[in-house]
Structures are given as structure tokens and as C-alpha cells.
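Data first, discussion second: the structure below is written as C-alpha cells.
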Amino acid sequence: MGQWHGPGGILVEAIILDDRPLLRVSHKVDGRSYLRGYCATVAELGEHGVDLADLVEKTPLDHL
């Protein structure tokens, strides 16, 4: 699944939870990760303080 990093330790991950695709929003502070919430749509990310313009996708390089 995909991962997107934002400023200040924000992490958005595409996951499957109870057979539903969701976006999990977490915040890393001082080496610890805190769950901010789950979103069913991209539009809901703003409710958790996430600006789509600030997100950068992290992709594995194992395809090279």
C-alpha cells in the first residue's frame, strides 16, 4: 500500500481495515507515533490537519 509523508511528522498510509480501504493518519513526535484517525475519502484528510499539497509519496526502490 502507499505511504505519503507530510511536514512535522505527518504520515498518511493506504490500508485495508475490516475489508474496507481507508487512509490512516498518524503523527510522529519525538520518535513516537500517534494515531490521528482514519479517513474513508481523501477529502476527509483536511479534518486531521493534512494539506494534500504538502504530502510526498514514499515508494520502495525494490523495482530497480
Side-chain angles (χ1 to χ4, degrees):
M1 297 305 224
Q3 286 187 344
W4 297 267
H5 294 263
I10 293 291
L11 175 63
V12 177
E13 299 172 279
I15 65 165
I16 303 293
L17 183 64
D18 294 331
D19 294 325
R20 293 179 30 207
L22 293 172
L23 296 169
R24 176 174 49 204
V25 181
S26 57
H27 186 200
K28 195 167 192 173
V29 178
D30 294 329
R32 297 185 76 167
S33 192
Y34 297 93
L35 177 66
R36 285 189 132 174
Y38 296 99
C39 302
T41 66
V42 173
E44 294 176 14
L45 288 173
E47 297 173 15
H48 297 285
V50 177
D51 184 355
L52 291 177
D54 292 333
L55 295 179
V56 176
E57 185 173 17
K58 181 175 183 178
T59 56
L61 298 176
D62 59 359
H63 65 282
L64 297 177

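- For Pro21 against Ile16, the heavy-atom pair with the smallest separation is CA-CD1, 3.8 Å.
- Here Glu47 pairs with Glu44 under the side chain to side chain contact (heavy atoms under 4.5 Å, CB included) rule; sequence neighbours left out.
- The side chain to side chain donor-acceptor pair (under 3.5 Å) test applied to Arg24 returns Glu13, not counting sequence neighbours.
- Between atom CG of residue Leu23 and atom CH2 of residue Trp4 there is a gap of 6.5 Å, rounded to the nearest 0.5 Å.
- In terms of modelled atom types and a separation under 3.5 Å, the side chain of Asp18 and the main chain of Arg20 share no donor-acceptor contact.
- Under the rule for a side chain to side chain contact (heavy atoms under 4.5 Å, CB included), the partners of Val29 that lie at least two apart in sequence or sit in another chain are His27, Tyr34.
- Taking CD1 of Ile10 as the start and NE2 of His5 as the end, the distance is 11.5 Å to the nearest 0.5 Å.
- Counting all heavy atoms, side chain and backbone alike, Leu45 lies closest to Cys39 at CD2-SG, 3.8 Å.
- At a threshold of 4.5 Å between side-chain heavy atoms, the hydrophobic network of Ile, Leu, Val, Met, Phe, Trp and Tyr places Leu11 and Leu52 in two separate groups.
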